[in-house]
Visitor: 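Below are the structure tokens for one structure; questions will follow.
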Amino acid sequence: MTSSELNGLVLPDGLVAPRDVPERVKNKLPDGWRETYDFNTLFYDAFYVPRARAVCLICPALLNFRDVLKSAEISIDGRPARIRTIFSQRNYAEVWIGSWRPAEAISIAINGQSFHVPISHQDSDTFLNANVIMTMCKDGKIEWIVDWLNYHVKVHRANAVLFFNNNSTAYSKDDLIAALSGIAGLNGSIVIDVPYSYGVPSVNAMKFLQKGIWNTARLRFLSRARAVLPIDVDELVSPIVGSDIFSRTTRSVLGYNLFRGYWRWPHPDAEAGDTRHRDHYFRLSNDDVGRTKYCIAPRGVLGVSQWGVHQAVAGFMKPLFFADDVLYWHCRNISTNWKYNRSRKASPELHSDDETRVALERVFNSEI
């Protein structure tokens, strides 16, 4: 278990106009949005990609910062450099700057002020041929994280984790490394601090960080992994008869599985602050989460696609990729209630789900 760093750049207040708000949400901004919106981050990470012979900057949605970058003076290891291409999606952007040799540092001059940022080198060896579970978390209880990993190691043969620690105050990166190092079955794994704003929780168009980090992972760390499962700590992928999610994905034609999610609740009398994954085996008659998750093989046909939070293929083709024998359970009370209050009591219509109960019992060996 090791750690790594992101090499980003947050511009000081007043140097340039702050990042715009996306046009499509300007008329429906929630109260308090300024407290979490990312006004000043130019890029989250800078790393060299040998195959492209370029430095890649992973950025939040650029908006007006696109012009800031295009007018900046850029040098790599003291040599003038230019932007080769900017690939923009709704929530993040890749900026590719040509460099014929591996680079150590990038310098960017904006309005007379220069910034010097280290450049990392692509690390595709740590997760070579690994079944990688990937997440980003802020202050989720360490016992939740350990339970979540143990479940996926035992049920789906995960053997590595790429963990992004987003501004946690309840523990440090070293605390996480110590806890995760004790999990049998995990081999090459990395914990990375992510010191950036997640974004406005209630507005998808103003949440830039997670998609940017997922594609940092895709390009910098995971290009030679066997398969990657990007899910949250409150989500458990259901067992697959005779297989596991990583094997099922690598054996699929396109190296990609998309699956639906269903809420699972703890016992109606359980205390919200004390529940664990093992307690979440109750359901309602209508328990559809309404959001998908996925597993992807980076060396498969779709591995080069841009990785989103809920899918790697969007639009009209998305329904073609559903795996009907796979689903995930979204554990209602495994939450710090950062997005909205999930700790309130559930409906009396809750009933025990035997499939979930048996699966959890096998892993956690508890009397439930």
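Note that these values count all heavy atoms, side chains included, but never hydrogens, waters or copies made by symmetry. Numbers for residues simply follow the sequence, beginning at 1.
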Visitor: In terms of relative ring orientation, are Trp214 and Phe164 parallel, tilted or perpendicular, with 30° and 60° separating the classes?
Guide: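 Plane angle between 30° and 60°, so tilted.
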Visitor: Taking the side chain as everything from C-beta on, heavy atoms only, tell me whether Leu162 gets closer than 4.5 Å to Ile192.
Guide: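 Heavy-atom side-chain distance check passes, below 4.5 Å.
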Visitor: Do the charged groups of Arg248 and Asp325 touch, with an N to O distance under 4.0 Å?
Guide: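 Looking at Asp325 together with Arg248, the answer is yes, because their closest N to O distance falls below 4.0 Å.
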Visitor: Can I get a per-line list of side-chain donor-acceptor pairs under 3.5 Å for residues 67-76, giving both atom names and the distance, sequence neighbours left out?
Guide:
from: Ser71; atom 1: OG; to: Asp67; atom 2: O; distance (Å): 2.9
from: Ser71; atom 1: OG; to: Val68; atom 2: O; distance (Å): 3.2

Visitor: Counting only N and O atoms by type, is there a donor-acceptor contact under 3.5 Å from the side chain of Asn131 to the main-chain atoms of Arg157?
Guide: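 Checking the backbone N and O of Arg157 against the side chain of Asn131, a donor-acceptor pair under 3.5 Å is found.
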Visitor: With the 4.5 Å side-chain cut-off for hydrophobic clustering, are Val194 and Leu9 part of the same group?
Guide: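 No, no single cluster joins them.
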Visitor: What closest approach, in Å, do Pro195 and Asn167 show between heavy atoms, and which atom pair accounts for it?
Guide: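 Reported closest heavy-atom pair: CA-OD1, 3.4 Å.
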Visitor: Could you tell me whether the side chain of Thr216 and the main chain of Gly212 form a donor-acceptor pair under 3.5 Å?
Guide: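 Flag set: sc Thr216 to bb Gly212 pair under 3.5 Å.
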Visitor: Can any side-chain N or O of Asn150 pair as donor or acceptor with the backbone N or O of Ile145 at less than 3.5 Å?
Guide: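 No, the answer is negative, given that no donor and acceptor are paired below the 3.5 Å cut-off.
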Visitor: Tell me if a side-chain donor or acceptor on His280 pairs with a main-chain N or O of Asn333 at a distance below 3.5 Å.
Guide: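 Here the side-chain-to-backbone pair exists.
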Visitor: I would like to know whether Tyr198 and Gln210 meet side chain to side chain donor-acceptor pair (under 3.5 Å); could you show each step before the answer?
Guide: CA-CA 7 Å; Tyr198 181 83; Gln210 193 165 6; 3.2 Å; yes
Visitor: Quick one: do Asp147 and Arg278 make a salt bridge, cutoff under 4.0 Å?
Guide: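 Counted as a salt bridge, because a side-chain N and a carboxylate O are separated by less than 4.0 Å.
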Visitor: Are Phe208 and Tyr37 close enough that their ring centres sit under 6.0 Å apart?
Guide: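 Between Phe208 and Tyr37, the centre distance is under 6.0 Å.
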Visitor: Which pair of non-hydrogen atoms, one from Asp139 and one from Thr169, has the smallest distance, and what is that distance?
Guide: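 Scanning both residues completely, I find the closest heavy atoms to be OD1-N, 2.7 Å.
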Visitor: For residues Val304 and Trp307: do they belong to one hydrophobic cluster (side chain heavy atoms under 4.5 Å, members Ile, Leu, Val, Met, Phe, Trp, Tyr)?
Guide: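 Unlinked, Val304 and Trp307 end up in two clusters.
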Visitor: Indicate if Ile83 and Val49 have the same hydrophobic cluster label, given that clusters are the connected sets of ILVMFWY residues with side-chain heavy-atom separations under 4.5 angstrom.
Guide: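 Ile83 and Val49: separate clusters.
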Visitor: Measure centre to centre between the rings of Tyr196 and Tyr44, then say whether the value is under 6.0 Å.
Guide: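 Yes, the ring of Tyr196 comes within the 6.0 Å limit of the ring of Tyr44, centre to centre.
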Visitor: Less than 3.5 Å apart, which donor and acceptor atoms pair up between the side chains of residues 107-114 and the rest of the protein, not counting sequence neighbours?
Guide:
from: Ser107; atom 1: OG; to: His116; atom 2: ND1; distance (Å): 2.6
from: Asn111; atom 1: ND2; to: Leu15; atom 2: O; distance (Å): 2.9

Visitor: One pair to check against side chain to side chain donor-acceptor pair (under 3.5 Å): Asn165 and Asp193. What are the steps and the verdict?
Guide: CA-CA 5 Å; Asn165 181 35; Asp193 279 340; 3.0 Å; yes
Visitor: Taking the side chain from Asn365 and the backbone from Glu361, do they hold a donor-acceptor pair closer than 3.5 Å?
Guide: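 Side chain of Asn365 to backbone of Glu361, a donor-acceptor pair under 3.5 Å: no, none is there.
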Visitor: Which pairs pass side chain to side chain donor-acceptor pair (under 3.5 Å) with one or both residues in residues 13-24, sequence neighbours excluded?
Guide: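 Pairs touching residues 13-24 that pass the test: Asp13-Asn40, Glu23-Lys26.
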Visitor: Against Arg224, only a single residue in Thr126, Asn129, Asp125 fulfils side-chain hydrogen bond (donor to acceptor under 3.5 Å, both in side chains); can you say which?
Guide: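 Of the listed residues Thr126, Asn129, Asp125, the side-chain hydrogen bond (donor to acceptor under 3.5 Å, both in side chains) partner of Arg224 is Asp125.
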Visitor: What orientation do Trp265 and Trp263 show, parallel under 30°, tilted 30 to 60°, or perpendicular over 60°?
Guide: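 Ring orientation, 0 to 90° scale: tilted.
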Visitor: Starting from Val309, can I reach Val233 by hopping between I/L/V/M/F/W/Y residues whose side chains sit under 4.5 Å apart?
Guide: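 Shared cluster, no.
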Visitor: Is Pro60 close to Phe39 at the side-chain level, that is, under 4.5 Å between some pair of heavy atoms?
Guide: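 No; the side chains remain at least 4.5 Å from each other.
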Visitor: Tell me if the aromatic rings of His267 and Phe282 count as close, with their centers under 6.0 Å from one another.
Guide: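 Under 6.0 Å, so yes.
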Visitor: Report yes or no: does Ser172 contribute a side-chain atom to a donor-acceptor pair with the main-chain N or O of Asp175 at less than 3.5 Å?
Guide: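 Yes: the side chain of Ser172 pairs with the backbone of Asp175.
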Visitor: Is there a side-chain contact between Phe115 and Leu42, using heavy atoms and a 4.5 Å cut-off?
Guide: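 Phe115 does not reach Leu42 side chain to side chain.
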Visitor: Is any side-chain heavy atom of Glu94 closer than 4.5 Å to a side-chain heavy atom of Ile86?
Guide: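 Contact flag for Glu94/Ile86 side chains = no.
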Visitor: Does some side-chain heavy atom of Tyr92 sit less than 4.5 Å from a side-chain heavy atom of Gln306?
Guide: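 Yes, side chains in contact.
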Visitor: Check the orientation of Phe221 and Phe127. Use parallel for under 30°, tilted for 30 to 60°, and perpendicular for over 60°.
Guide: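 The rings of Phe221 and Phe127 stand perpendicular, inter-plane angle above 60°.
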Visitor: Rounded to the nearest 0.5 Å, what's the gap from CG on Leu176 to CD1 on Ile142? Could you check?
Guide: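 Leu176 CG to Ile142 CD1: 5.0 Å, rounded to 0.5 Å.
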Visitor: Apply side-chain contact (heavy atoms from CB on, under 4.5 Å) to residues Thr41 and Cys59 and explain how you reach the verdict.
Guide: CA-CA 8 Å; Thr41 301; Cys59 310; over 6 Å; no
Visitor: Do any N or O atoms from the side chain of Asp123 and from the backbone of Arg220 form a donor-acceptor pair under 3.5 angstrom?
Guide: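 No, Asp123 side chain to Arg220 backbone: no donor-acceptor pair under 3.5 Å.
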Visitor: Any chance you could lay out the side-chain contact (heavy atoms from CB on, under 4.5 Å) test for Asn7 and Ile119, step after step, and finish with the verdict?
Guide: CA-CA 7 Å; Asn7 306 303; Ile119 295 171; 5.7 Å; no
Visitor: Would you say that Pro118 contacts Phe47 through its side chain, given a criterion of any heavy-atom pair below 4.5 Å between the two side chains?
Guide: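 Counting from C-beta outward, Pro118 and Phe47 never come under 4.5 Å.
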Visitor: Would you list the pairs meeting salt bridge (Lys or Arg N to Asp or Glu O under 4.0 Å) in which at least one residue belongs to residues 288-312, sequence neighbours left out?
Guide: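 Only Asp232-Lys293, Glu235-Lys293 qualify under salt bridge (Lys or Arg N to Asp or Glu O under 4.0 Å).
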Visitor: Applying side chain to side chain donor-acceptor pair (under 3.5 Å) as the test, list every pair that has at least one member in residues 77-87; sequence neighbours left out.
Guide: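 Residue pairs with at least one partner in residues 77-87: there are none.
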Visitor: Flag this pair as yes if the NZ/CZ of Arg260 is under 6.0 angstrom from the six-membered ring centre of Phe322 and inside a 45 degree cone about the axis; otherwise no.
Guide: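 Pair Arg260/Phe322 counts as cation-pi.
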Visitor: Where do Arg218 and Ser223 land on the side chain to side chain donor-acceptor pair (under 3.5 Å) test, with the steps shown first?
Guide: CA-CA 6 Å; Arg218 172 178 65 89; Ser223 61; over 6 Å; no
Visitor: Taking Thr336 for its side chain and Gly140 for its backbone only, find out whether a donor-acceptor pair lies under 3.5 Å.
Guide: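 No; zero donor-acceptor contacts below 3.5 Å.
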Visitor: Does a side-chain heavy-atom distance below 4.5 Å link Phe163 with Lys173?
Guide: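 They are not in contact (no side-chain heavy atoms under 4.5 Å apart), so the answer is no.
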Visitor: Please report the shortest heavy-atom distance between Asp45 and Glu5, naming the atom on each side.
Guide: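 Scanning both residues, the minimum pair turns out to be OD1-O, 4.4 Å.
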Visitor: Donor-acceptor pair, Thr356 side chain versus Tyr281 backbone, under 3.5 Å?
Guide: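 It does not hold such a pair.
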Visitor: With a 4.5 Å heavy-atom cut-off, do Leu350 and Leu284 have their side chains touching?
Guide: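 They are in side-chain contact.
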Visitor: Test side chain to side chain donor-acceptor pair (under 3.5 Å) on Ser352 and Arg283; report intermediate values, then the result.
Guide: CA-CA 6 Å; Ser352 176; Arg283 58 171 295 184; over 6 Å; no
Visitor: Just by modelled atom types, is the Tyr256 backbone N or O under 3.5 Å from a matching donor or acceptor in the Ser252 side chain?
Guide: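 Judged by distance alone, yes, a pair lies under 3.5 Å.
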Visitor: Ring pair (Phe, Tyr, Trp, His ring centres under 6.0 Å) with Tyr328: which residues, sequence neighbours excluded?
Guide: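 Not a single residue meets the ring pair (Phe, Tyr, Trp, His ring centres under 6.0 Å) criterion with Tyr328.
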Visitor: Which pair of heavy atoms, one from Leu6 and one from Ile213, lies closest together, and at what distance?
Guide: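 So the minimum-distance heavy-atom pair works out to CD1-CD1, 3.8 Å.
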Visitor: If you take all heavy atoms of Leu57 and Phe43, which pair is closest and at what distance?
Guide: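 So the two residues come closest at CD1-CD2, 4.0 Å.
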Visitor: Quick one: closest heavy-atom pair of Cys295 and Leu229, and the distance?
Guide: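 That would be CB-CD1, 4.1 Å.
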Visitor: Mind running side-chain contact (heavy atoms from CB on, under 4.5 Å) on Asn215 and Gln89 for me, showing each step along the way?
Guide: CA-CA 11 Å; Asn215 287 283; Gln89 284 207 335; 5.8 Å; no
Visitor: For the hydrophobic clusters of this structure (ILVMFWY residues joined by side-chain heavy atoms under 4.5 Å, transitively), does one cluster hold both Met206 and Phe65?
Guide: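 As far as the 4.5 Å side-chain criterion goes, Phe65 and Met206 are not connected within one cluster.
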Visitor: Can you tell me if His330 and Asp234 form a side-chain donor-acceptor pair at under 3.5 Å?
Guide: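 Short answer, yes.
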